[in-house]
Each structure stands twice: as C-alpha cells, then as structure tokens.
Amino acid sequence: MNKYMCKYFIIFVLPTLTAFLLSFFIPFILGVLLSFTEFTSIIDAKWVGINNYVEAFSNREFVNALKFTVKIAIVTVITVNFFALVLALLLTRQLKGRNIFRAIFFMPNLIGGIVLGYVWQLIINGVLYKFGVTLSYKPEYGFWGLVLLMNWQMIGYMMVIYIAAIQNIPNTLIEAAEIDGANWFQILTNIKLPTITPSITICLFLTMANAFKNFDSNLALTAGAPSRKTAMLALDIYNTFYNTLNGEGVGQAKAVVFFIIVSAIAFLQLKLTRRKEVDSL
C-alpha cells in the first residue's frame, strides 16, 4: 500500500506544488531580490545593495508607522480577545435567542474593510464634529478610531472560535468541579481556560496577523492623517510605492522588513502559547 501511494504521490502533489511555486515562492524570492535594486519594472532593475534598507530605516514615516502598528497590534490583541472570550462565555450559557446574538456579533466580519472604514469615519466624525474636531485633528483620535473599528470587525470571528472550543469541554469535568464545590471563577481558571488554550493560541495569532497587515480600513478611516502619523505599515509601504518618486525599491525593502517582523513576532507568539498548551495538558 505504501509503495502504491509513493508511486502516485507526485501526481497528486504536483498541481498544488506548482500553484504554490508560481503564486507564492517565486514571487517572494523575486521580491526579496528586487529589494536590493532600484527599478520601475523587472527588466530595468539596477543593483544598489542595501541602500534601500538604509533609506527605509532612515525614513521617519516608516519608523513612525512601525511604532504605530505595534501599538495598534498590542491594544487590539488584548481587547479583541478579551471581549470575544467574554461574549463566548455568555453565549454558551442557556440564554434565550443566543444563536441570534451569535449571528449579530459575527456579521461585521463579513463586511469589507473599505466599507467599514468609511462607515466608521462618518460615525466617529459625526460625534467629533460636536466638539469642533475630526479624526485627523490628532493622531490619538485616529489611533482609537482604528482600535474601535478593528474590535468591531474581529470580535465576532474570534468569539465563534472560542464558542466552539468551550462547547467541546466535557460536561463531566464541569459537573465534577461543581460537586466538589468549585465556584464559577475556579471553573473558569482551572478548567475552561486551560482546556481552550489551543483556541487562545489560534485567536491570538489571527488577531495579531490581522492587526499588522491592516490596510483597507486604515486607508478608508484616516488615510494616515494627520501628516501620515496614523499610517500603519501596510499603508506606509503603499504610499512609498505609489506616492514617492522612484520609491519602488525602498517600498520593496520595507515590505521585506515588514515580512520579517511579522514572521518573527508570530513565531515568538506561537512558541510561547504552545508552551502554555503543553503545560496545561
């Protein structure tokens, strides 16, 4: 049986492998190489070494975008997962109409970021107009506007993952704990949270990844205003590519740095949370 599977293995793997090479691996390697060149198209690339990287890190807007994105990611990861877990705990109780509430909280995730950005821009500016300011008045307004928007969009999705995990906890564990006199907080901290640790790992990773690569809602909500101080990394890279003279090489260098940062943070986060999973077993 194993010999038969090995014989035809390449036939079944080849289509997926070809798609992976053509759509991801080859463009990725080409993008890394282009980050060391000055170019307007692939055929006129001129090697400039690490000049693009030096220019990228000497660019104050890029450094500001990096700091701004990290702050957004930290706040969003904490708030999204906290509220998503609270909602999941509430909506796994025997509440009337809980399925309707689940659907309502999940629906914002189905709306595109551009649409959400413009809608929330109208809502938030409508409130701020009463005080004579807008989202572009201070970077802090744009920061909290983005946090609010991203929470509203992602909480429902993470809630569904937490609900699925909580519903898979054996009732016998909870019943045994209740018989032994455990209160709801003890059940939460000693049974539910350790049991759903794999789901916490997934939700932390997804929230962090979505926060770092946010582009569309950032573009629609603030477009980086004022003075690009609310531009996240993806929007800053976009601006470098399309709104800067001969910025293709520098933009590509920023994209490579962006990839390295996100990969490193994701690897560290997964390693730490996986260790928690092992400890909870």
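Everything numeric in this text was worked out from a predicted model, so none of it was measured.
Rounded to the nearest 0.5 Å, atoms OG1 (Thr201) and CD1 (Ile196) are 10.0 Å apart. Rounded to the nearest 0.5 angstrom, Phe131 CZ and Leu128 CG are separated by 7.5 Å. With values rounded to the nearest 0.5 angstrom, Met208 atom CE is found 6.5 Å from Ile265 atom CD1. Here the straight-line distance linking atom CG of Leu148 with atom CZ of Phe143 works out to 12.0 Å at 0.5 Å rounding. Going from atom CG of Leu135 over to atom CG of Asn125 covers 4.5 Å, rounded to the nearest 0.5 Å. With rounding to the nearest 0.5 angstrom, the CZ atom of Arg93 is 7.5 Å from the CG atom of Leu90.
Side-chain contact between Ile163 and Leu91: present, with at least one pair of heavy atoms (C-beta onward) separated by less than 4.5 Å. Residues Val70 and Ile261 have side chains not in contact (no heavy-atom distance under 4.5 Å, counting atoms from C-beta outward). Between Phe36 and Asn51 the shortest side-chain heavy-atom distance does not fall below 4.5 Å. With a 4.5 Å cut-off on side-chain heavy atoms, Phe258 and Leu66 do not count as touching. Counting heavy atoms from C-beta on, the side chains of Leu89 and Ile166 come closer than 4.5 Å. Contact annotation: the side chain of Gln252 approaches that of Phe241 to within less than 4.5 Å [non-hydrogen atoms, C-beta and beyond]. Met232 has its side chain out of reach of Phe215: every pair of non-hydrogen atoms, C-beta onward, lies at least 4.5 Å apart. Residues Lys213 and Val262 form no side-chain contact, since every pair of their non-hydrogen atoms from C-beta on lies 4.5 Å or further apart.
Residue pairs meeting the salt bridge (Lys or Arg N to Asp or Glu O under 4.0 Å) criterion with at least one member in residues 244-264, sequence neighbours excluded, are Asp236-Lys254. Every pair tested for salt bridge (Lys or Arg N to Asp or Glu O under 4.0 Å) that includes a residue from residues 170-185 fails, sequence neighbours excluded, so the list is empty. Identified under the side chain to side chain donor-acceptor pair (under 3.5 Å) test for residues 133-151, with sequence neighbours left out: Thr79-Asn151, Thr134-Ser136. A salt bridge (Lys or Arg N to Asp or Glu O under 4.0 Å) check over residues 60-76, counting only residues at least two apart or in different chains, returns the pairs Glu61-Arg228. Every pair tested for salt bridge (Lys or Arg N to Asp or Glu O under 4.0 Å) that includes a residue from residues 14-26 fails, sequence neighbours excluded, so the list is empty.
Heavy atoms only, all atoms of each residue included: Leu188 and Pro194 are closest at O-CD, 4.1 Å. Listed here is the closest heavy atom pair of Ala253 and Asn52: CB-CB, 3.7 Å. For the residue pair Phe212 and Ala73, the shortest heavy atom distance occurs at CE1-CB, 3.6 Å. Minimum heavy-atom separation, Leu34 to Ala45: CD2-CB, 4.0 Å. Smallest separation of non-hydrogen atoms from Ala177 and Ile191: CB-CD1, 3.4 Å. Smallest separation of non-hydrogen atoms from Asn81 and Cys203: OD1-CB, 3.1 Å.
Not counting sequence neighbours, Tyr162 has no partner by the ring-ring contact (aromatic ring centres under 6.0 Å, His included) test. Partners of Asn239 according to the side-chain hydrogen bond (donor to acceptor under 3.5 Å, both in side chains) rule, which considers only residues two or more places apart in sequence or in another chain, are Asn243. The side-chain hydrogen bond (donor to acceptor under 3.5 Å, both in side chains) check on Thr76 picks up nothing, with sequence neighbours excluded. A search for side-chain hydrogen bond (donor to acceptor under 3.5 Å, both in side chains) contacts involving Tyr53 returns Ser35, not counting sequence neighbours. Leu22 is linked by a side-chain contact (heavy atoms from CB on, under 4.5 Å) to Thr18, Ile26, counting only residues two or more places apart in sequence or in another chain. Remark: Thr37 engages no residue in a side-chain hydrogen bond (donor to acceptor under 3.5 Å, both in side chains) (not counting sequence neighbours). Legend: residues meeting ring-ring contact (aromatic ring centres under 6.0 Å, His included) with Phe28, ordered by chain and number and at least two apart, are Phe24, Phe259.
The hydrophobic cluster containing Leu149 also contains Leu110, counting ILVMFWY residues as joined when their side-chain heavy atoms lie under 4.5 angstrom apart, directly or transitively. In terms of hydrophobic clustering, with Ile, Leu, Val, Met, Phe, Trp and Tyr side chains grouped at heavy-atom distances under 4.5 Å, Ile104 and Ile161 are assigned to different clusters. Clustering ILVMFWY residues whenever any of their side-chain heavy atoms sit less than 4.5 angstrom apart, transitively, puts Tyr157 in a cluster other than the one holding Met107. Grouping the Ile, Leu, Val, Met, Phe, Trp and Tyr side chains by contacts below 4.5 angstrom, directly or via other members, places Ile169 with Phe185. Hydrophobic clustering of Ile, Leu, Val, Met, Phe, Trp and Tyr side chains at less than 4.5 Å, counting indirect connections, keeps Val48 apart from Val256.
Tested against Phe82 for a side-chain contact (heavy atoms from CB on, under 4.5 Å), the candidates Val80, Leu85, Val86 yield a single pass: Val86.
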Show your working on side chain to side chain contact (heavy atoms under 4.5 Å, CB included) between Ser41 and Asp44 and close with a plain yes or no. CA-CA 6 Å; Ser41 64; Asp44 66 353; 3.4 Å; yes
Can you list the steps and then say if Lys229 with Phe68 is a side chain to side chain contact (heavy atoms under 4.5 Å, CB included)? CA-CA 8 Å; Lys229 292 181 179 179; Phe68 187 77; over 6 Å; no
Could you walk me through whether Gln167 and Thr92 pass the side chain to side chain contact (heavy atoms under 4.5 Å, CB included) test, one step at a time? CA-CA 7 Å; Gln167 288 180 332; Thr92 49; 4.1 Å; yes
Met159 vs Arg102, test: side chain to side chain contact (heavy atoms under 4.5 Å, CB included). Steps then yes/no. CA-CA 8 Å; Met159 176 199 70; Arg102 291 177 184 178; 4.3 Å; yes
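The number of heavy atoms from other shown groups lying within 6.0 Å of CD1 (Ile111) is above 12. Taking a 6.0 Å sphere around CD of Gln269, one finds it holds more than 12 heavy atoms contributed by other residues, nucleotides or ligands.
In this structure, the side chain of Asn218 does not engage the main chain of Asn214 through any donor-acceptor pair within 3.5 Å. Side-chain atoms of Glu55 do not come within 3.5 Å of backbone N or O of Val250 as any donor-acceptor pair. Checking side-chain atoms of Thr16 against main-chain N and O of Phe12 turns up no donor-acceptor pair under 3.5 Å.
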